[in-house]
Amino acid sequence: MSGKTYAASVVRAAVLEPGTPHANGDTAVELIGIRKSFGDAIALGGVDLLVEKGEIHALLGENGAGKSTLMSVLFGIYKADSGTVKLYGQEARIRSPKEAAAYGIGMVHQHFRLVPSMTALENIVLGEAGGIAGFWRGSGWKRRKSAEITALCDRYQLRFPLDRPVWQLSVGEQQRIEIMKALYRQCSIIVLDEPTAVLTPHEAEGLLATLGELKKDGKTVILTTHKLREVMASCDRISVMRKGMLVRTIRTSDTNEQQLAEWIIGREPASSSLKAEREPTGKRLLLQLAGITALGDHGELALQGFDLTVNRGEIVGVAGVAGNGQKELSEVIAGSHERTGGSVMFNGERLQGMTIRGMIMRGVAHVPENRMKSGMAGGLNAIDNLLMKSYGSRERSKFGFMRRRANEEWAKAIIEQFEVRTPALGTPVRMLSGGNQQKLLFARELQQHPLLLVAVHPTQGLDVGASETVHQWLLKLRNEGSGVLLISEDLDEMMKLSDRIVVAYNGASQGEFDPAVDSRTAIGLSMAGSGPKGKGGGG
């Protein structure tokens, strides 16, 4: 059964339900007076949102503003305390994601809804009539499905290995699978929550072109994102939320990035003038990697002779398309991934065996690619996650027993300092928004006063205000004389923060660029393995 046939079949099934919409009129989605609370916390305070049929509509706001909650109500994940959902002018009672799919609504979540042990192909067809059981029909059925999905991947430039388990794939590849799940089913209303957060500029442009084609076909797209450049380039109208309320809706042609940023955070954004505050001190080598080789998760050669240096008091950016060794590079430096060759010098010491504990003791902090997989323990609360690297210190424990009251006061002070929003200290961190999870992770790492911070996708999925805060932390650390290795696929972020940029391609350092001199285009071409290679060597 094709994706199109699947979507048609579930919509026909929905016609039997009360309030089933028909694709008439100009309005695709109308949310009226939507209210939602979690205990005493008001997530949505009576939101009215209207999305026209066949438009790309951006939904902006800070982390915790209520965007994801509102879209979760539309998709049937949450039930609103009060309010009405209308689709194509008729009331729709959406009580589950299955019913949302029956109404032709697809949602690409920021936090992936994938089965790690299943392959990409199995995840994409999961839930389809026949679904995974179709594999029992024989290899011919599987080949046909593979060919169908591969054709879609080629069309939308969202390539990933179909036959590998999801747990073996990078965050970027998993994001592409989520996007493909919605595209495969060809829903009439598609909600995308931060879909380009882990895509390169070229990949993001391709996705935005895809959204344009969906619009031409009469599809309706609701896009939640923090990348204002993409909003201005691709969206017809924009709605801004703040503190659980809709601030305003405006046509894209009637506004600009600066005005949107002010509406989102409720004030004019601060400039990143900290970058210019550093006094020139000359180069003081902190980290030197020479000819580093390492294997990937499934035995492939992930790093092939990678060279890199980081000096004290500078931010070195590593740019590259997902899957070019950035993950392994960060983990080798953090001591969590074994290298098979090459040499490492850190703070004047040549390192042989490298362990996580050893690198922490030497002053290396690590903000990993996937904060909830390898950065924090989602089932533990904020205090326990903050204690992970300091629980054995005299300040945090005595005679092997934790200083409970002192640790609570310590954690409260850190949470206040880093503006982490949590309902209570005992709330599991998996219940926090992505932005607050990232703030908590940074708080723990920066509390160690590191000599070197390895930050991988540090603002992935963060709003304008939270991203600005993270940038200020990175610049402050650099200005205080520490080194920062910034690994990101966001070239705007790279160009804004980095003193030098090294491009990773096919597991090796493709070349070094000066963001003050070299163009965004030149660096982007190098990320794709073509164009200039900069000064080379990464040193």
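On a predicted model such as this, the values are computed, not experimentally measured, just so you know.
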Decide side-chain hydrogen bond (donor to acceptor under 3.5 Å, both in side chains) for H471 and E493; before the verdict, give the C-alpha distance in whole Å, the side-chain angles of both, and the deciding distance to 0.1 Å. CA-CA 9 Å; H471 290 170; E493 182 173 65; 2.8 Å; yes
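To the nearest 0.5 Å, atoms CZ (R421) and CD1 (I415) are separated by 13.5 Å. Taking CZ from F160 and CE from M180, the interatomic distance works out to 5.5 Å, rounded to the nearest 0.5 Å.
Formation of a donor-acceptor pair under 3.5 Å by the D499 side chain with backbone atoms of I315 is found in this model. Listed for the T340 side chain is a donor-acceptor partner under 3.5 Å among the backbone atoms of T293. Formation of a donor-acceptor pair under 3.5 Å by the S482 side chain with backbone atoms of R478 is not found in this model. No donor-acceptor pair closer than 3.5 Å links the side chain of N436 to the backbone N or O of L432. Put simply, the side chain of T119 gets close to the backbone of E122: a donor and an acceptor are under 3.5 Å apart. In this structure, K389 contributes its side chain and A365 its backbone to no donor-acceptor pair below 3.5 Å. No donor-acceptor pair closer than 3.5 Å links the side chain of Q288 to the backbone N or O of V310. With S498 contributing its side chain and M495 its backbone, the two residues share no donor-acceptor pair below 3.5 Å. A distance-only check finds a donor-acceptor pair linking the side chain of R444 to the backbone of G375 [under 3.5 Å]. With R229 contributing its side chain and M232 its backbone, the two residues share no donor-acceptor pair below 3.5 Å.
Heavy atoms of other residues, nucleotides or ligands lying less than 6.0 angstrom from CD of E338 number 12 at most. Open room surrounds CD on E419; 12 or fewer heavy atoms of other groups in view lie less than 6.0 Å from it. Other residues, nucleotides and ligands contribute at most 12 non-hydrogen atoms within 6.0 Å of the CD atom of E416. By the 6.0 Å contact criterion, CZ on R242 is enclosed, its count of non-hydrogen atoms from other residues, nucleotides or ligands being greater than 12. By the neighbour-count criterion of 12 heavy atoms within 6.0 Å, atom CE of M431 is sparsely surrounded, having that number or fewer from other residues, nucleotides or ligands.
Taking the six-membered ring where the residue is Trp, F442 and W473 present tilted rings, their angle falling between 30° and 60°.
The closest side-chain donor-acceptor pair between Q447 and H449, if any, does not fall under 3.5 angstrom. Donor-acceptor pairing under 3.5 Å is recorded for the side chains of T224 and D193. Side chain to side chain, R284 and N347 fail the donor-acceptor criterion of an N or O pair below 3.5 Å.
At least one side-chain heavy atom of V166 sits less than 4.5 Å from a side-chain heavy atom of N123. Side-chain contact between E178 and L192 is absent, with no heavy-atom pair separated by less than 4.5 Å.
Residues I333 and M354 share a closest heavy-atom pair of O-CE, 3.9 Å.
Between Y505 and F306, the distance separating the two ring centers is not shorter than 6.0 angstrom.
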